[in-house]
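Quick note on labels: first sequence line is chain A, next is B, and so on, each numbered from 1.
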Number of protein chains: 2
Amino acid sequence: MITIKDIAQISGYSISTVSRVINNRSDVSEKAREKIESIIREQNYQPNENARMLKQNISSDISVIVRGSKSIFLESILEEVQIRMGKHGENINVHFIAETDDEVATAVQVGQTLKPKGFIFLGGSADHFREEFSQISLPSVLVTVDAADFGYDNLSSFTTDDEEAAACAVNMLLKQGHRRIGILGGYLSDRSGEFEDNYRTLRIRGAVKELEKHGIRFDFEKDYEPCAFSAESAFPAADKLLRRSPDLTAIFALNDAVAVGAIRAFRDMGLDVPRGISVVGFNGVSYVRYLNPRLATIRQDTAKLARKSVDDLLLRISYGSPAIHEKIPYEYFGGESTAPPSK
Amino acid sequence: MITIKDIAQISGYSISTVSRVINNRSDVSEKAREKIESIIREQNYQPNENARMLKQNISSDISVIVRGSKSIFLESILEEVQIRMGKHGENINVHFIAETDDEVATAVQVGQTLKPKGFIFLGGSADHFREEFSQISLPSVLVTVDAADFGYDNLSSFTTDDEEAAACAVNMLLKQGHRRIGILGGYLSDRSGEFEDNYRTLRIRGAVKELEKHGIRFDFEKDYEPCAFSAESAFPAADKLLRRSPDLTAIFALNDAVAVGAIRAFRDMGLDVPRGISVVGFNGVSYVRYLNPRLATIRQDTAKLARKSVDDLLLRISYGSPAIHEKIPYEYFGGESTAPPSK
DNA sequence: AACGTTTCTGTAAACGTTTTCATCAAGTAT
DNA sequence: ATACTTGATGAAAACGTTTACAGAAACGTT
């Protein structure tokens with residue numbers, strides 16, 4: 001194995017000078033720099049990461065903490081994050097934790113062992129963050145939950161305005177004349193009676209508010225049915241919801257997988273979509289426009305979300321730029337899964 | 001920060017003895033071990049990974065190299081790998097590389113900088129491996145490509161028998177009476193005229209062989225159309241294929257996303273699936289049974305594939321067990337997207 | 001000519017481990 | 001008693017870097 005020592009020997013300079021070249025220090029003569037650089041290239045020398053990290057007491061990794069997972073939405077953000085980090089030559093390590101785990105506690109622990117230079121939180125919940133994030137001093141990005149008013153200057157956040165987007169989706173249904181609209185997906189927390197997860201809360205809140213704005217009071221008991229964010233879970237839930245409230249003419253599904261499961265359930269009940277009932281999804285995963293019927297949904301730009309998050313984090317790591325909070329735009333994608341109510 | 005030195009001081013033992021305890025060496029007295037262990041716990045001491053790695057000249061990471069990506073199939077395997085590694089307390093770093101890159105070359109480079117203790121290759125191609133894998137001496141697993149006859153004793157492989165599974169899918173179509181069957185997806189390599197990617201080759205080969213077994217000669221010029229493994233890419237390709245060969249009564253799509261895109265394209269041409277044309281997919285991603293029509297497909301157990309791969313790699317890293325090559329079973333999932341031909 | 005700057009370079013300590021080797025005590029066989 | 005083995009322990013070197021500090025050389029200023 002070839003080390004800094006070898007480079008020093010070959011070049012005739014000392015180890016420190018070589019180190020200075022490696023780290024792009026300014027106090028090296030042009031002559032030395034050029035010579036050493038050429039030798040490094042020609043010997044294909046790679047500084048030993050472990051030694052650097054040991055000395056500097058940080059790793060060069062970035063830790064990504066994914067909470068909940070198993071949703072195409074998060075997966076696709078994660079993939080973008082990984083790709084983009086790779087492009088920057090950064091290494092990331094990913095930690096999946098269960099829906100019920102505390103991501104901040106995990107981060108503290110990871111920070112202790114792995115000493116990453118930053119964190120990206122995917123699919124976190126506002127609950128944990130607000131209180132406990134103060135334990136983390138590294139540059140971090142919270143993707144999916146708005147942390148603008150948390151008051152931490154080392155925490156950026158990138159989100160779509162779920163509340164507004166949900167309102168938009170419901171508004172489209174209202175415009176078509178629907179008045180009996182059900183909501184499907186997410187779940188209520190055991191403890192607080194609040195919605196467990198921030199962006200679920202937001203979507204539901206946005207939808208309910210929009211309904212109220214149009215003089216419709218939403219009856220959670222009757223017209224809401226919780227389920228996990230998958231087609232499998234939505235399938236029975238959709239069935240249950242419609243049997244309880246057969247007069248619903250439209251369903252707002254909290255994500256696309258839920259919409260897919262719901263549509264299947266309705267068809268199995270002998271109900272055509274959209275003629276029998278309208279369905280609108282959320283998230284715009286890539287295949288929705290090829291489904292039958294094409295699913296109406298809110299499209300979020302996951303690539304952009306990921307890109308902004310990564311770029312912001314790296315910038316803040318390198319230059320200590322201040323944390324920012326940004327909303328990524330969404331758009332309503334009109335499909336064929338909605339139509340004016342027939343009942 | 002609390003170090004091994006501190007533990008030594010507190011316990012009254014020397015650094016070496018503490019190190020021995022940490023590494024579970026046998027030459028430590030029970031008394032010393034217990035005392036030191038209790039102090040480690042109570043001080044919540046975590047050995048510095050960087051120092052260990054520096055000394056031992058390896059990292060504790062495992063590198064996963066994903067080639068091609070962007071397919072739900074690989075994504076779902078990757079996710080399983082990540083989860084399972086996490087459960088074992090292992091750290092992984094993931095490297096995405098382009099379809100056209102050489103994964104072995106990447107691995108060599110990664111090995112030099114990151115010094116992982118093992119590799120997992122996802123979505124690799126047989127071409128590169130057979131020749132160049134000898135450069136890699138670390139325990140490795142090749143997922144998706146069968147390496148049984150490559151002759152490397154540090155390379156395990158886990159695959160589904162794509163060739164057999166494809167034959168099975170096509171056989172189902174044949175049984176229903178189809179004789180004019182098209183194939184959609186994958187692409188031919190520029191250089192060799194061979195199929196670039198091993199498992200694409202296998203699927204196509206399996207399909208073609210099955211046809212020939214029934215006395216049908218497959219005309220690549222007319223009845224095959226290449227495309228990437230996404231609905232977006234399959235949509236125009238399916239259209240093109242059917243316009244060129246309008247007498248096809250069934251399509252074997254090389255994966256489910258391709259099938260989804262194809263079905264959409266056929267419907268847009270005014271052709272009902274399955275009454276106008278049958279479509280069978282491959283891979284069995286989770287939502288296919290909720291699509292309309294439910295997609296007939298080959299279901300592969302990605303969770304099992306990932307689990308076996310991870311377990312095998314860890315076993316081999318720890319105990320130097322010999323490399324193995326295993327086929328994960330598949331099953332045909334009959335949907336509603338096929339029917340006897342009407343023409 | 002003496003001094004102060006600036007620019008470049010080298011020496012050596014330090015980072016937190018693992019591991020080789022030596023030491024010492026205690027036990028066992030002569 | 002003596003020699004040999006065994007088991008437990010510690011001292012110190014080593015892993016490949018970074019960096020504080022000191023020194024040397026080159027130059028400009030008085």
Inset, instruction - Find the distance B:I36:CD1 to D:dA8:C1' and express it as a whole number of Å. - result: 11 Å

Legend entry - B:D146 versus B:T159, side-chain donor and acceptor atoms under 3.5 Å: no

Inset, instruction - To the nearest 0.5 Å, tell me how far B:E80 CD sits from B:K304 NZ. - result: 13.0 Å

Legend entry - Min side-chain heavy-atom separation A:I65-A:I120 under 4.5 Å: no

Legend entry - Interatomic distance where CZ belongs to A:R33 and P belongs to C:dC8 [whole Å]: 10 Å

Legend entry - A:Q112, CD: over 12 other non-hydrogen atoms inside 6.0 angstrom: yes

Inset, instruction - Scan nucleotides 13-19 of chain C nucleotide by nucleotide, 5' to 3', and note B when protein non-hydrogen atoms come under 4.0 Å of the base, S if they reach only the sugar-phosphate, - if neither. - result: -BBBBBB

Inset, instruction - Ignoring backbone atoms, establish whether B:Y13 has a side-chain N or O less than 4.0 Å from OP1 or OP2 of D:dG10. - result: no

Inset, instruction - Would you tell me whether A:D61 and A:N93 have side-chain atoms, one donor and one acceptor, within less than 3.5 Å of each other? - result: yes

Inset, instruction - Rounded to the nearest 0.5 Å, what's the gap from CG on A:D301 to NZ on A:K308? Could you check? - result: 10.0 Å

Legend entry - N or O in side chain of A:S29 less than 4.0 angstrom from C:dT7 OP1/OP2: no

Inset, instruction - Hey, could you give me the CZ/NE2 distance between B:F121 and B:H95, rounded to the nearest 0.5 Å? - result: 10.5 Å

Inset, instruction - Could you state the atom-to-atom distance from CD of A:E34 to C1' of C:dC8 in whole Å? - result: 16 Å

Legend entry - the helix from C:dA1-D:dT30 to C:dT30-D:dA1: angle between end helix axes, five pairs per end, rounded to 10 degrees: 50°

Legend entry - Whole-Å distance separating the NZ atom of B:K35 from the P atom of D:dT9: 12 Å

Legend entry - B:R130 bridged to B:D149 by N-O distance under 4.0 Å: yes

